[in-house]
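Beneath this line is the structure, given in structure tokens, with notes to follow.
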Amino acid sequence: MSKTLPSLPAQADDMRMQMALRQIDFGAAASRSAPSVPAKAPEDTLALKRQDWLMEVQERQRALSPYAAGLLTAENLSGEDFLHSFYAPGRPVLIKGAIADWPALARWTPDYLAETVGDAMIEYQGGRANAQDYELKKEKHRKRAPFRQFIALARKGGNDAYLTASNSAANGPALRPLEADLGPIDAYLTRAPGMLWIGGEGTFTPLHFDLTNNLLAQVTGSKRVILIPPSQARRLAHRSHVFSDVRDVTDEARLKLHPQARDVLRYEVRLAPGDLLFIPIGWWHQVRSESFSTMLTYTNFHWPNVGHENYPAG
Ligand SMILES: O=C(O)CCC(=O)C(=O)O
């Protein structure tokens, strides 16, 4: 079941309603937790079933109103409206054209990026084409290359090479010349730097959720994002850390293995240059690039963002 995007008035007067997850080590957390999964007491299992039941009932109730159940699109959304209508309730929103005036939007072609950063060595995620678990086993997929060579790989398209947020700690100095092309997002964020994602057409980030609230800022190209509310978790074979064994809810072969995910409630968003997408903590998402793409992700909101600190990783 896929939902459409009603739009939110520019000034939503009728709706008055910190930085982390830079480098959460999914691989280490998963392998630490692998050896023993303690058996659940029957009362725990019943409590979990009751929690799932409540989430489903609440989701059916939200479906009574397209406003409550739809994924909203906004323009010129003030910090206050963002906080009251989206950040605090944990509700996603697509904010159209919010960074359309950044110089990067006109400049960041593959040629410009290669000329500006040159042959500085960078880290990226490689060897992904024949692997399924590149996000879970990030360490195994860390590769290094001169940036110009990485851009040549990305231009070819496909899922093999992707510069992701998990490479950003290693790439700070090399990518610094690009920072002058970015602007601030003062309404929602402090001035801490974002994490850059660069890849070709066809990069794919499998279904997972983040342990922080997350703001995606699309600069070059477009991405298809599928968002699934936390209420659907029991359909998503959540076994390894923050990942779903379903991986891709649009892949028939995966759905055959996980038929319970077939009718999951989901929203589809096309992220275009200049757009921001707010993904609240716990919302499942998978992302596919439709073209050569550059994007930044931010977690440095003006408001607390520390859910990762006590996540029961297992
Ligand atoms: O753009 C992508 O490929 C993935 C982004 C993402 O999943 C995230 O920032 O959590």
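Note that ligands are numbered from 1 as they come in the structure, with each ligand's atoms numbered from 1 the same way. We number each residue from 1, following the sequence as shown.
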| message | Quick test of your reading of the model: are Arg288 and Asp248 salt-bridged, counting only N-O distances below 4.0 Å? | response | yes
| note | Within 4.0 Å of some non-hydrogen atom of Thr297, the atoms of ligand 1 are 9 (O)
| query | What protein heavy atom sits nearest atom 4 (C) of ligand 1, and how far off is it? | reply | Thr205 OG1, 3.3 Å
| task | Give the residue, atom name and distance (to 0.1 Å) of the protein heavy atom nearest atom 10 (O) of ligand 1. | result | Asp210 OD2, 2.6 Å
| Side-chain touch Phe147/Leu113, heavy atoms, less than 4.5 angstrom | yes
| message | Any heavy atom of Asn214 closer to ligand 1 than 4.0 angstrom? | response | yes
| atom 1 (O) of ligand 1: nearest protein contact (heavy atom, Å) | Lys223 NZ, 2.7 Å
| Is any side-chain N of the basic residue among Asp245 and Arg254 closer than 4.0 Å to the acidic one's carboxylate O? | no
| note | If you scan protein heavy atoms around atom 7 (O) of ligand 1, the nearest is His208 CE1, 3.0 Å
| field | Flag side-chain contact, heavy atom, 4.5 Å: Leu153 against Asp160 | value | no
| Strictly under 4.0 Å, does any heavy atom of Met195 approach an atom of ligand 1? | no
| message | Are His208 and Glu135 packed together at the side-chain level, in the sense that at least one heavy-atom pair is separated by less than 4.5 angstrom? | response | no
| Do His302 and Tyr87 have their ring centres less than 6.0 Å from each other? | no
| request: Number the atoms of ligand 1 from 1 as they appear, then name those within less than 4.0 Å of a heavy atom of Val287, with their elements. | output: 1 (O), 2 (C), 3 (O), 4 (C)
| said: Would you say the ring centers of Tyr188 and Phe86 fall short of 6.0 Å from each other? | reply: no
| request: Give the atoms of ligand 1, by number and element, whose distance to some non-hydrogen atom of His285 is under 4.0 Å. | output: 6 (C), 7 (O), 8 (C), 10 (O)
| query | Considering the options Asp275, Asn76, Thr73, which one meets the side-chain hydrogen bond (donor to acceptor under 3.5 Å, both in side chains) requirement together with Lys96? | reply | Asp275
| request: Check whether any heavy atom of Phe204 sits under 4.0 Å from an atom of ligand 1. | output: no
| task | Please identify which atoms of ligand 1 are closer than 4.0 Å to at least one heavy atom of Tyr162. | result | 1 (O), 2 (C), 3 (O)
